[in-house]
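Presented below is the structure to which this report refers.
Each chain gets a letter, A, B and so on, in the order the sequences are listed, and its residues count up from 1. Owing to the predicted nature of the structure, the values given are computational and were not obtained by experimental measurement.
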There are 2 protein chains.
Amino acid sequence: MPPRNPTIHDVAREAGASIATVSRALNGGVVSPAARDRIEQAVALLGYRRNDVARGLVTGRTGLVGVIVPDLIGPLYAQMARGIEDVLEARGMHAMVVTDHREPEAERRAVEVLRARQVDGLVLIGSSLPETELRTAAGGVPVALVQREGPQTGFPEVRLDDVAGVRAVVAHLISLGHRRIGHLAGRRRDGVERRDAFVAALRTAGLEPGPLVESDFTEDGGATAAPRLLDDGDVTAVFCGNDRMAVGLLHAAANRGIAVPHDLSVVGFDDLTWARYLTPALTTVRQPGRELGRTAARLVLVPPTDAVATPLLRTPELVVRSSTAPPRAAGAARTGAAAPPAEEVIAPPHEPTPR
Amino acid sequence: MPPRNPTIHDVAREAGASIATVSRALNGGVVSPAARDRIEQAVALLGYRRNDVARGLVTGRTGLVGVIVPDLIGPLYAQMARGIEDVLEARGMHAMVVTDHREPEAERRAVEVLRARQVDGLVLIGSSLPETELRTAAGGVPVALVQREGPQTGFPEVRLDDVAGVRAVVAHLISLGHRRIGHLAGRRRDGVERRDAFVAALRTAGLEPGPLVESDFTEDGGATAAPRLLDDGDVTAVFCGNDRMAVGLLHAAANRGIAVPHDLSVVGFDDLTWARYLTPALTTVRQPGRELGRTAARLVLVPPTDAVATPLLRTPELVVRSSTAPPRAAGAARTGAAAPPAEEVIAPPHEPTPR
DNA sequence: TTGTACGCGTTATCAC
DNA sequence: GTGATAACGCGTACAA
């Protein structure tokens with residue numbers, strides 16, 4: 001049997017001090033230099049390591065923030081997790097990440113597990129639990145929401161300003177000269193939001209939306225829904241609800257011999273890592289995942305006293321690459337910039353959506 | 001001030017039982033049906049939730065396995081984490097994931113943090129700490145290694161059978177008729193391993209390797225190193241040490257007007273999510289990340305009694321897509337299969353490397 | 001079957 | 001400055 005880990009008692013004995021003094025020395029309390037010295041030596045000699053479990057029991061705080069995330073495979077959520085760790089690390093805290101695969105039941109269990117572990121806070125990404133349930137499940141612990149699926153809640157929340165992102169896309173396409181623009185919408189809440197924003201932005205510009213197709217937020221979803229968009233001979237541009245659908249559309253277009261961007265402009269949403277490596281490189285809207293994570297972490301750590309400015313909106317950036325160009329039967333396009341940029345250009349952030 | 005969480009004492013009082021009985025009831029011990037009933041009601045009434053911190057203190061086990069991973073942005077490590085969670089979840093345990101961004105210093109800190117939290121085991125992915133240091137840092141807790149960077153250790157370990165993967169690539173290219181094959185190697189340990197395996201496989205087939213170029217394991221690394229490969233007019237195929245470099249090479253080739261696979265075949269390694277969406281879709285070697293994670297988790301939970309079969313080797317699969325084809329000045333290629341497959345084909349796993 | 005009482009390793013509150 | 005000592009919430013001998 002391995003010799004059990006040294007405890008604070010062992011250190012105290014070895015250093016000829018009381019455990020109280022050792023505890024103070026370890027936590028930066030007032031201790032005479034001599035004692036501190038002996039204690040440090042004892043710690044080094046024994047290889048003592050503080051037991052954070054015992055510490056958590058007495059202090060009532062664990063230095064742990066629970067993070068519930070749909071999955072970690074897609075880069076977006078991973079970046080949010082990274083952002084959360086950024087701010088926790090700065091405070092000597094840590095994240096405990098649990099995935100729920102978008103299943104409410106798994107989300108419920110995750111909250112239970114994390115609460116049982118006495119986390120100091122909870123960050124829920126893409127949560128879909130009803131507010132009342134969330135409130136009882138969370139009990140006393142601070143909660144912050146990121147990109148929640150569902151109606152407004154009383155919890156502090158960060159989300160992407162989808163409306164601003166969509167507006168930037170529409171403005172970009174219109175400035176290129178496109179007049180009949182289709183949309184490939186995802187079935188989730190954010191998909192619907194983007195579609196509505198799309199229609200609204202178009203109407204504001206005095207245009208009627210082209211074909212509006214709904215499908216899954218996946219590559220296959222994009223590919224299978226593609227015909228319903230491509231059959232409309234007048235459509236010169238398609239805005240996809242996310243990058244994954246855009247890839248499916250791109251493939252479907254290629255199979256039909258439709259050249260992008262010459263015959264058709266395509267825009268995505270998210271700016272996944274690989275969007276720039278597609279052929280053609282995808283024009284899309286970049287989600288500031290890491291920053292969303294950072295603000296969410298700050299929101300759990302210091303919950304806003306009053307419920308002002310909920311949800312916080314983070315503005316995305318339009319990333320123009322080579323999947324967009326003036327429409328073939330151009331002419332109107334000549335009014336805008338001279339030529340499409342040869343390399344990647346990031347449009348300045350737009351105004352946050354007024355609320 | 002919020003009413004503090006109910007404890008096992010509260011439940012005991014409410015149910016008119018002792019805490020021992022409550023504890024037994026909660027942990028599936030022997031309790032009279034009547035008592036169990038009253039206790040369950042009390043639990044529901046009070047909304048009692050077990051405090052895993054206190055429980056961990058007394059049992060000495062936390063049900064937590066610490067996972068140290070280079071990063072979570074790339075899908076490969078995320079999949080490994082997923083695999084680890086698969087087997088932990090089945091046992092009611094959980095993973096605490098910490099990223100080290102490939103910095104030994106951060107890895108050291110991560111081990112400290114996780115040990116202080118009394119994890120029941122440690123899975124280190126891509127670890128580069130020397131064995132002796134690892135051993136003292138880990139203290140008594142079980143350790144499993146995945147894709148460790150550095151020489152063989154006494155710890156249980158899983159790794160990909162790189163040699164088998166590379167052999168499959170070389171066999172594929174040779175069967176297509178390629179005779180002069182270049183290689184783009186990554187600077188890390190696995191990069192060197194793959195390069196050596198590449199040279200060996202080629203020699204076994206009676207061929208001399210084409211140009212061997214070393215660079216970073218990134219898209220830029222692939223792009224900047226590309227000229228040194230492409231300037232060799234005789235090279236008809238290039239095997240890249242990973243998918244990210246392959247993307248860089250693909251772009252560089254396109255810029256030079258080199259058609260893939262018509263003028264040049266390109267093979268990657270890893271099969272990242274997006275490899276199939278490249279143009280042309282990338283032929284590559286699929287890493288079974290999730291399965292690597294699963295076996296690693298099993299290794300920590302039940303450490304092998306004797307040090308047999310270390311490291312465990314997992315066999316990758318060759319995924320043939322459209323970035324490989326017979327060389328332009330073919331003829332020799334006509335001996336193989338009739339035509340390149342129109343769609344994705346997964347070659348059967350090859351023999352594990354003999355040891 | 002049930003209850004009492006001790007201990008897990010630490011912090012915090014007191015006196016000294 | 002320092003040292004006893006009482007919690008923290010729970011599991012588990014052991015006795016009843």
Side-chain angles (χ1 to χ4, degrees), chain A residues 1-40 42-43 46-64 92 115-120 139-140, chain B residues 1-40 42-43 46-64 92 115-120 139-140:
Chain A
M1 96 155 34
R4 94 195 179 316
N5 286 340
T7 75
I8 201 173
H9 285 91
D10 303 321
V11 176
R13 186 164 23 80
E14 178 71 29
S18 74
I19 58 171
T21 306
V22 175
S23 179
R24 275 189 289 261
L26 263 36
N27 297 323
V30 256
V31 179
S32 73
R36 179 177 301 273
D37 223 51
R38 299 201 314 275
I39 289 172
E40 277 170 4
V43 165
L46 301 176
Y48 168 78
R49 225 180 305 273
R50 180 178 61 202
N51 183 333
D52 278 343
V53 173
R55 167 184 245 236
L57 180 58
V58 46
T59 60
R61 311 189 335 98
T62 52
L64 226 52
R115 282 213 55 197
R117 294 208 185 272
Q118 312 297 116
V119 294
D120 297 339
Chain B
M1 91 155 39
R4 95 195 177 317
N5 286 340
T7 76
I8 201 175
H9 284 90
D10 302 321
V11 176
R13 185 162 24 77
E14 179 71 28
S18 74
I19 60 168
T21 306
V22 175
S23 178
R24 276 188 288 262
L26 263 37
N27 297 324
V30 258
V31 179
S32 72
R36 180 179 299 275
D37 222 54
R38 299 200 315 275
I39 290 172
E40 277 171 4
V43 165
L46 300 176
Y48 169 78
R49 223 180 306 271
R50 179 178 62 200
N51 182 333
D52 279 342
V53 173
R55 165 183 246 237
L57 181 58
V58 47
T59 62
R61 313 188 337 97
T62 52
L64 228 53
R115 282 214 54 195
R117 293 206 187 271
Q118 312 296 113
V119 293
D120 297 338

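Atoms CG (A:Leu46) and P (C:dG9) sit 14 Å apart, rounded to a whole Å. Atom-to-atom, NE2 of A:His9 to P of C:dT11 comes out at 12 Å; the value is rounded to the nearest Å. In this structure, B:Asn5 places its CG atom 14 Å from C1' of D:dC10, rounding to the nearest Å. One atom, CD1 of B:Ile19, and another, P of C:dC6, lie 12 Å apart when rounded to the nearest Å. For the pair A:Asp52 CG and C:dC8 P, the interatomic distance rounds to 19 Å; values are reported in whole Å. For B:Arg61 and C:dG9, the CZ to C1' distance is 18 Å, given to the nearest whole Å. Put simply, CD1 on A:Ile39 is 8 Å from P on D:dG3, counting in whole angstrom units. Here the P atom of nucleotide D:dC10 and the CG atom of A:Leu57 are 9 Å apart, to the nearest Å.
The side chain of B:Arg50 lies closest to D:dG11, out of D:dG11, C:dT2, D:dT2. Listed candidates were D:dT2, D:dG9, C:dT10. Nearest to the side chain of A:Ile8 is C:dT10. The listed nucleotides are C:dG3, C:dT2, D:dT2; the one nearest the side chain of B:Ser32 is C:dT2. When the nucleotides D:dC8, C:dT2, D:dT2 are ranked by their closest atom to the side chain of B:Thr21, C:dT2 comes out on top.
A donor-acceptor contact under 3.5 Å links the side chain of A:Arg24 to the base of D:dG3.
Among the protein residues, B:Val31 comes within range of the sugar-phosphate backbone only, with heavy atoms under 4.0 Å from sugar or phosphate atoms but none that close to a base.
Minimum interatomic distance between A:Leu46 and A:Glu14 (heavy atoms only, all atoms of both residues): CD1-CB, 4.1 Å. Across every non-hydrogen atom of A:Thr7 and A:Tyr48, the tightest pair is C-CE1, 3.5 Å. Nearest heavy-atom pair, A:Ser18 versus A:Ala12, reported as atom, atom and distance to 0.1 Å: C-CB, 3.8 Å.
When the side-chain nitrogen and oxygen atoms of A:Ser23 are compared with OP1 and OP2 of C:dT10, none of them lie within a distance under 4.0 Å. Neither OP1 nor OP2 of D:dC8 sits under 4.0 Å from any side-chain N or O of B:Asn51. In terms of phosphate contacts, B:Thr7 brings no side-chain nitrogen or oxygen within less than 4.0 Å of OP1 or OP2 of D:dG9.
Interatomic distance, CD1 of B:Ile19 versus CZ of B:Arg24, reported as 10.0 Å (0.5 Å rounding). Atoms CZ and CG, from B:Arg55 and B:Leu26 in turn, are 9.0 Å apart once rounded to the nearest 0.5 Å. One distance of note links CZ of A:Arg117 with CG of B:Leu64; it measures 4.5 Å at 0.5 Å rounding. Taken from OG in A:Ser23 to CZ in A:Arg50, the straight-line distance is 9.0 Å, to the nearest 0.5 Å. Interatomic distance, CG of A:Asp120 versus OG1 of A:Thr59, reported as 8.0 Å (0.5 Å rounding).
Defining each end axis of the helix from C:dT1-D:dA16 to C:dC16-D:dG1 as the rotation carrying four pairs' C1' atoms onto the next four, with five pairs an end, the two axes are found to diverge by 40° to 10 degrees.
Each of B:Ala20 and A:Val58 was matched to the nucleotide of DNA chain C holding its nearest heavy atom; the match closer to the 5' end belongs to B:Ala20.
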